[in-house]
Amino acid sequence: MKILFFGPNGSGKGTQGAIVKEKFGIPHIETGVIFRDNIGRGTDLGKEAKGYIDRGELVPDSITIPMILSRLKEPDCKNGWLLDGFPRNLTQAQELEKALSAEKIDLDIVIEMALDRQIAKNRIMGRRLCVNDNNHPNNIYIDAIKPNGDKCRVCGGDLKTRSDDQDEEAIDQRHNIYYDDKTGTMAAILFYKKLSADRGGKPRFIELDGRPGVKEVSADLLGQLGR
């Protein structure tokens, strides 16, 4: 089962990806991890990528896509994989599709976690971290995990915020890219949706409603994946 997973920051995509990884025993592959691994091991691609990163430039697709392909060929991917965080725009989607086709790697499923932009933003800015345990979920905008005033709903501990969760400008910049349906991530999603329609449902396109709670979304996702 080879899966591409899309969802805006704040949608809970990472949580759902971890659930799919556990249920199906396939690796959850993120481009940031691939970069760090190649740079850490000093691969040729890693050295090239580091040069761009050190200059504060974006790593070009001509380096990123070969890194991804190399990762997808590793032994732990023989039964499938879930790729998260790439492609981020239409051009990358088109280039990735060409690269996978050239390697005769068939993409099975594309998942989109659909969520209104304002809701996604609220969820990011509404996150609260328990000083006793960061794994205690608290969010002032989600009824199911709303804290008790300024105290953790699980243990009553004090709550704090992450500075990047409150950086409205940075959140808007990321969402500007994601929700751009002309050249951004949404355009990439529409590319795969059309590809699926043109090819008789291959890859299969799954659209999830990201508004319910984690358990409801995961039940919907696993149900559509056949588990």
Side-chain angles (χ1 to χ4, degrees), residues 2-11 13-14 17 20-21 26-78 80-113 117 120 124 164 167 169-196 198-199 202-203 205:
K2 305 176 188 71
I3 303 171
L4 274 188
F5 207 162
F6 291 99
N9 289 97
S11 66
K13 173 170 57 75
V20 171
K21 173 185 177 179
I26 58 176
H28 183 182
I29 298 170
E30 298 175 277
T31 48
V33 175
I34 294 175
F35 281 139
R36 289 191 292 273
D37 177 61
N38 277 267
I39 291 170
R41 290 189 291 116
T43 67
D44 289 341
L45 289 170
K47 290 174 184 176
E48 289 187 65
K50 188 175 186 301
Y52 285 95
I53 293 169
D54 288 348
R55 293 192 297 271
E57 300 174 11
L58 292 175
V59 179
D61 297 342
S62 59
I63 295 174
T64 302
I65 291 177
M67 275 189 187
I68 291 172
L69 290 177
S70 176
R71 177 68 184 90
L72 299 183
K73 293 176 183 177
E74 290 183 14
D76 65 332
C77 292
K78 65 180 180 180
W81 38 261
L82 186 150
L83 180 59
D84 178 0
F86 193 92
R88 294 182 185 272
N89 58 51
L90 176 58
T91 299
Q92 289 177 345
Q94 293 167 333
E95 292 303 313
L96 179 63
E97 173 57 27
K98 289 178 187 175
L100 290 175
S101 179
E103 294 289 336
K104 294 182 170 52
I105 298 174
D106 293 325
L107 180 62
D108 298 315
I109 297 171
V110 176
I111 300 169
E112 178 199 1
M113 283 193 68
R117 179 169 180 164
I124 295 170
D164 55 334
D167 189 340
E169 184 177 347
I171 294 168
D172 285 341
Q173 286 178 348
R174 291 197 297 269
H175 281 169
N176 283 344
I177 295 170
Y178 186 86
Y179 288 98
D180 178 355
D181 62 2
K182 299 294 187 291
T183 61
T185 308
M186 192 59 69
I189 293 168
L190 294 173
F191 167 80
Y192 284 109
K193 187 177 284 190
K194 184 176 187 300
L195 190 69
S196 176
D198 290 346
R199 295 182 178 176
K202 295 181 180 180
F205 192 92

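If you're wondering where the values come from, they're calculated on a predicted model, not measured in any experiment.
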J.: Please evaluate residues Arg36 and Val33 with respect to the criterion side chain to side chain contact (heavy atoms under 4.5 Å, CB included), reporting the C-alpha separation (whole Å), side-chain torsions for both, the decisive distance (0.1 Å), and the verdict.
T.: CA-CA 5 Å; Arg36 289 191 292 273; Val33 175; 3.4 Å; yes

J.: Check whether any side-chain N or O of Arg55 sits under 3.5 Å from a backbone N or O of Gly51 as a donor-acceptor pair, and report yes or no.
T.: yes

J.: For the CZ atom on Arg88, are there more than 12 heavy atoms of other groups (residues, nucleotides or ligands in this structure) within a distance under 6.0 Å?
T.: no

J.: Is there a side-chain contact between Asn9 and Tyr178 (heavy atoms, below 4.5 Å)?
T.: no

J.: Please examine the side chains of Trp81 and Ile105, heavy atoms only from C-beta on, and report whether any two atoms are closer than 4.5 Å.
T.: yes

J.: List the steps and the verdict of side chain to side chain contact (heavy atoms under 4.5 Å, CB included) for Ile34 and Ile68.
T.: CA-CA 7 Å; Ile34 294 175; Ile68 291 172; 4.0 Å; yes

J.: Side chains of Asn89 and Thr183: do they bring a donor and an acceptor to under 3.5 Å?
T.: no

J.: Closest approach of Pro27 and Arg71, non-hydrogen atoms and distance?
T.: CB-NH2, 3.9 Å

J.: Is any side-chain heavy atom of Leu45 closer than 4.5 Å to a side-chain heavy atom of Ser70?
T.: no

J.: So, do Leu195 and Val110 sit near enough that their side-chain heavy atoms are less than 4.5 Å apart?
T.: no

J.: Could you tell me the separation between the NZ atom of Lys193 and the CD atom of Glu112, rounded to the nearest 0.5 Å?
T.: 5.5 Å

J.: Charged N to carboxylate O below 4.0 Å: is that the case for Arg199 and Glu97?
T.: yes

J.: Considering residues, nucleotides and ligands other than Lys2, do more than 12 of their heavy atoms fall under 6.0 Å from its NZ?
T.: yes

J.: Looking at Leu96 and Ile65, what are the two nearest heavy atoms and their distance?
T.: N-CD1, 3.8 Å

J.: Where do Leu69 and Leu100 land on the side chain to side chain contact (heavy atoms under 4.5 Å, CB included) test, with the steps shown first?
T.: CA-CA 8 Å; Leu69 290 177; Leu100 290 175; 3.8 Å; yes

J.: Using 0.5 Å steps for rounding, measure from the CG atom of Leu4 to the CZ atom of Phe205.
T.: 10.5 Å

J.: The test is side chain to side chain contact (heavy atoms under 4.5 Å, CB included); show your working for Met113 and Phe5 and say whether it passes.
T.: CA-CA 8 Å; Met113 283 193 68; Phe5 207 162; 3.6 Å; yes

J.: Does some side-chain heavy atom of Arg117 sit less than 4.5 Å from a side-chain heavy atom of Pro8?
T.: no

